[in-house]
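To keep things clear, I will list the structure first and then write my remarks on it.
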Amino acid sequence: DMKVTQMPRYLIKRMGENVLLECGQDMSHETMYWYRQDPGLGLQLIYISYDVDSNSEGDIPKGYRVSRKKREHFSLILDSAKTNQTSVYFCASSLSTGDHEQYFGPGTRLTVL
Amino acid sequence: TQTVSQSDAHVTVFEGDSVELRCNYSYGGSIYLSWYIQHHGHGLQFLLKYYSGNPVVQGVNGFEAEFSKSDSSFHLRKASVHWSDSAVYFCAVNNVGDNSKLIWGLGTSLVVNP
């Protein structure tokens with residue numbers, strides 16, 4: 001069963017706290033992504049990972065970092081969260097670089113107070 | 001700069017109606033085009049894609065899309081919608097060879113009334 005999972009699904013943090021969002025996939029996909037989705041702004045790419053320890057900034061990387069130590073896991077880290085990082089975060093994966101179809105997780109709704 | 005434009009933010013129809021969701025793009029090179037669907041509270045799901053060949057591509061659940069190079073468009077259509085088709089639909093374009101980075105439209109919210 002092809003699946004992308006995200007944990008947690010909902011998270012409330014205070015400004016300045018650290019945040020860890022986790023993503024897993026069971027398809028042995030090479031490429032993984034982190035997006036955020038905000039009303040009126042659509043999907044914005046934060047980071048893309050081409051494989052283990054091969055990560056690249058997306059369009060809005062500031063304030064975020066990522067870690068990919070195993071092919072099936074891709075973490076998004078917010079060091080000292082800010083209120084403007086309140087958003088819904090989606091992880092996605094695709095078979096390989098250049099492959100077009102992306103598989104999305106269910107999302108994590110993060111609120112930073 | 002590649003852009004994807006979905007001119008209708010909201011579309012409302014009745015069950016059984018046909019619907020067309022519009023997508024226009026600006027890019028001169030070789031591209032993939034795709035549509036994704038997002039039901040409320042869920043992640044996006046792939047519907048269909050076009051790269052070459054027959055400009056009309058079939059997707060899941062009766063959706064199809066037609067590529068037009070002259071119009072720079074890739075509109076999504078369904079002949080008879082069901083209430084469960086209510087969702088947000090996203091068009092995306094990807095430059096062939098651009099390491100899987102998709103350029104996304106802002107989405108069209110489709111509401112199907114019973």
Side-chain angles (χ1 to χ4, degrees), chain A residues 1-7 9-10 21 23-25 27 29-51 54-61 74 76 87-109, chain B residues 1-10 21 23 25 27 29-53 57-60 63 65 67 74 87-109:
Chain A
D1 188 24
M2 301 184 293
K3 193 185 272 190
V4 177
T5 57
Q6 290 187 238
M7 291 292 287
R9 293 293 314 278
Y10 301 91
L21 305 185
C23 174
Q25 49 99 358
M27 299 169 277
H29 282 176
E30 284 185 359
T31 311
M32 297 185 75
Y33 315 78
W34 276 107
Y35 293 95
R36 63 178 283 176
Q37 185 177 40
D38 302 285
L41 296 179
L43 277 170
Q44 299 177 86
L45 180 66
I46 306 171
Y47 268 93
I48 183 170
S49 173
Y50 299 108
D51 212 329
S54 179
N55 307 317
S56 181
E57 293 181 347
D59 299 319
I60 53 160
F74 189 35
L76 180 70
S87 186
V88 180
Y89 290 86
F90 288 99
C91 175
S93 71
S94 62
L95 183 61
S96 63
T97 300
D99 187 87
H100 200 221
E101 182 178 345
Q102 294 187 14
Y103 292 79
F104 281 78
T108 295
R109 182 174 293 275
Chain B
T1 305
Q2 298 175 63
T3 61
V4 177
S5 171
Q6 294 182 245
S7 54
D8 298 314
H10 302 279
L21 305 182
C23 174
Y25 64 91
Y27 188 72
S30 185
I31 57 173
Y32 292 101
L33 291 153
S34 58
W35 278 95
Y36 286 75
I37 180 174
Q38 184 181 30
H39 286 104
H40 182 69
H42 292 82
L44 280 73
Q45 283 181 280
F46 174 80
L47 268 182
L48 48 77
K49 71 179 177 186
Y50 172 81
Y51 171 57
S52 64
V57 291
Q58 305 294 326
V60 296
F63 284 98
F67 168 72
F74 189 55
V88 181
Y89 293 78
F90 291 92
C91 181
V93 63
N94 169 248
N95 173 18
V96 174
D98 189 17
N99 291 337
S100 294
K101 205 172 161 183
L102 288 174
I103 308 298
W104 297 89
L106 293 182
T108 296
S109 173

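Just so it is clear, the values below take in all heavy atoms, side chains as well, and ignore hydrogens, waters and symmetry mates.
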Q) When you measure from the side chain of B:Y36 to the backbone N and O of A:Q102, does any donor-acceptor pair fall under 3.5 Å? A)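 Checked: pair present.
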Measure [X] against the heavy atoms of chain B and call it side chain, backbone, both or neither at under 4.5 Å.
| X | result |
| --- | --- |
| A:Q6 | neither |
| A:L45 | side chain |
| A:R109 | neither |

Q | Which atoms of B:Y51 approach chain A - backbone, side chain, both or neither, heavy atom under 4.5 Å | A |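 Neither; nothing under 4.5 Å.
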Q | Considering all heavy atoms, the nearest B:A65-B:L48 contact | A | CB-CD1, 3.6 Å
Q) Looking at residues at least two apart in the chain, or sitting in another chain, which of them share a ring-ring contact (aromatic ring centres under 6.0 Å, His included) with A:Y47? A) none
Q: Have a look at A:R36 and tell me which of A:V88, A:L76, A:I60 forms a side chain to side chain contact (heavy atoms under 4.5 Å, CB included) with it.
A: A:I60
